[in-house]
Amino acid sequence: MAPQPSDDVLLDAYSRAVVTAVEQVGPSVVRIEAPGALARPGRPLSRGSGSGFLVTPDGLVVTNSHVVQGAWSVLVTLRDGRARRGDVIGADDETDLAVVRIDGSGYPHVRIGDSARLSVGQMAIAIGNPLGFDNTVTSGVVSALGRSLRARSGRLMRDIIQTDAALNPGNSGGPLVTAAGEVIGVNTAMIAAAQGLCFAIASDTMRVVVSRLIRDGRMRRSSIGIAGRETAVAGHLARHHGLMVSSGILVADVDPQSPAASAGLSRGDVIVAFGDLPVSSLDDLQQMLTEERIGVPSPVTVLRGTEKCRALVVPW
């Protein structure tokens, strides 16, 4: 039997992996501060600070939307101490992601990894500015994949990475990194009363959202114009109509100018399917109402009393 490596050898290998990853990514990590920022009209201005990281050599910075909340511009401080005005070119509260641009070129920037290839137990390294302590590094492992987390807007964010790499206020918007020095997440939240429960937005989600923010300044989603809440569907009705759900969306209100109104939906209807997919909650429906649905006729199945009805709605 081949001799097993000693704990000292393994620890040294771990240390080298962390040091190498930090050397690759650390120069791209920035501090973002809102004090003195230009505020967007009618929006509250965040007064905290957070982290971010450069994704292009010409000054595009990714961070959390809650870090730049309500601001047109923020103060961005590079690792070498240089300060730059950062203009917020796009933010999406539903995924808690934002893009800031600073003037200049030749900036060190990160490599984006493939979060779909992550494994539970894989090394994870967080870099940021927690509680004002610049260039702080913590390490741990990927604790779980595919978690869900509520954005501050109330929308359910999916495909969230759970890690035990310690995060604190100020880490928000910083990168979660592999031992290979690839960014596989954007640190976004931790549970203050727990130990080692921290969360990051997956890099695959980041890649899609950031590209839209750069192109359009916002992330577009479709809507059918209803307000509603989850409600139980009686078992005998589900069996009678062959439904695959035990709950649906009780329509509480309909915008009179909306696609839902045009399709004939009304208060009291219970939505149980959108397109060919069952719907059991608002989270399900929101997940389906993507940009690609805008202008595309989609069948909606509702329970109206004890009857099952179908309508054709064209999301806007």
Side-chain angles (χ1 to χ4, degrees), residues 65-66 92-96 120 143-162 188-194 197 199 201-202 205 208-209 219-316:
S65 67
H66 76 259
D92 181 46
D93 294 342
E94 314 295 342
T95 54
D96 199 17
V120 173
S143 304
L145 297 167
R147 295 294 198 211
S148 297
L149 191 67
R150 289 282 172 196
R152 297 190 179 200
S153 67
R155 190 185 183 96
L156 192 68
M157 300 188 295
R158 301 178 189 268
D159 197 23
I160 297 294
I161 300 167
Q162 181 184 329
T188 188
M190 49 88 182
I191 299 178
L197 289 177
F199 302 94
I201 302 153
T205 300
V208 172
V209 175
M219 187 75 180
R220 299 181 67 207
R221 296 179 178 84
S222 54
S223 172
I224 62 173
I226 66 162
R229 60 178 176 83
E230 185 175 338
T231 189
V233 172
H236 69 279
L237 283 179
R239 290 189 296 272
H240 176 72
H241 294 297
L243 302 178
M244 302 299 293
V245 296
S246 58
S247 62
I249 302 170
L250 175 63
V251 177
D253 199 11
V254 179
D255 182 338
Q257 306 301 319
S258 69
S262 298
L265 298 187
S266 59
R267 295 178 62 181
D269 287 344
V270 177
I271 299 173
V272 292
F274 184 82
D276 296 324
L277 298 175
V279 170
S280 59
S281 68
L282 279 172
D283 292 330
D284 290 345
L285 182 60
Q286 287 176 338
Q287 194 73 12
M288 297 175 191
L289 289 172
T290 60
E291 179 180 3
E292 290 72 23
R293 293 276 192 180
I294 297 174
V296 178
S298 302
V300 176
T301 304
V302 303
L303 292 178
R304 185 168 292 160
T306 59
E307 299 300 315
K308 183 173 79 170
C309 308
R310 286 173 65 88
L312 197 64
V313 63
V314 183
W316 58 13

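Nothing fancy with the numbering, it's 1 onward along the sequence.
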State whether D96 and R155 are salt-bridged, where the test is any N-O pair (Lys NZ or Arg NE/NH1/NH2 against Asp/Glu carboxylate O) under 4.0 Å. no
Give, for atom [atom1] of [X] and atom [atom2] of [Y], the distance between the pair rounded to the nearest 0.5 Å.
{"X": "R304", "Y": "S266", "atom1": "CZ", "atom2": "OG", "result": "4.5 Å"}
{"X": "T301", "Y": "D269", "atom1": "OG1", "atom2": "CG", "result": "11.5 Å"}
{"X": "D92", "Y": "S65", "atom1": "CG", "atom2": "OG", "result": "7.0 Å"}
{"X": "S262", "Y": "D255", "atom1": "OG", "atom2": "CG", "result": "9.5 Å"}
{"X": "L250", "Y": "L282", "atom1": "CG", "atom2": "CG", "result": "10.0 Å"}
{"X": "H240", "Y": "L303", "atom1": "NE2", "atom2": "CG", "result": "10.0 Å"}

May I ask you to check whether over 12 heavy atoms, not counting those of R158, lie within 6.0 Å of atom CZ? yes
Would one find more than 12 heavy atoms of other residues, nucleotides or ligands at under 6.0 Å from atom CE of M288? yes
If you apply the rule side chain to side chain donor-acceptor pair (under 3.5 Å), what do you find for S281 with E230, and how did you get there? CA-CA 5 Å; S281 68; E230 185 175 338; 4.7 Å; no
Show the nearest heavy-atom pair for residues [X] and [Y], with the distance to one decimal.
{"X": "S148", "Y": "L156", "answer": "CB-CD1, 3.9 Å"}
{"X": "V245", "Y": "A238", "answer": "O-CB, 3.8 Å"}
{"X": "F274", "Y": "V300", "answer": "CD1-CG2, 3.6 Å"}
{"X": "P259", "Y": "V314", "answer": "CB-O, 3.1 Å"}
{"X": "E291", "Y": "R220", "answer": "CB-O, 3.4 Å"}
{"X": "L289", "Y": "R221", "answer": "O-CB, 3.6 Å"}

Quick one: are V233 and S246 in side-chain contact, heavy atoms under 4.5 Å?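 No - every pair of side-chain heavy atoms lies 4.5 Å or more apart.
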What I'd like to find out is whether the side chain of D253 reaches to under 4.5 Å of the side chain of I226, using heavy atoms alone.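 In short, these two side chains do not touch, never coming nearer than 4.5 Å.
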Using the test side chain to side chain contact (heavy atoms under 4.5 Å, CB included), find all partners of L145 that sit at least two apart in sequence or belong to another chain. L118, V120, V142, I161
Quick one: does any side-chain atom of [X] pair with a main-chain N or O of [Y] as donor and acceptor, under 3.5 Å?
{"X": "H241", "Y": "T306", "answer": "yes"}
{"X": "S222", "Y": "T290", "answer": "yes"}
{"X": "S247", "Y": "S280", "answer": "yes"}

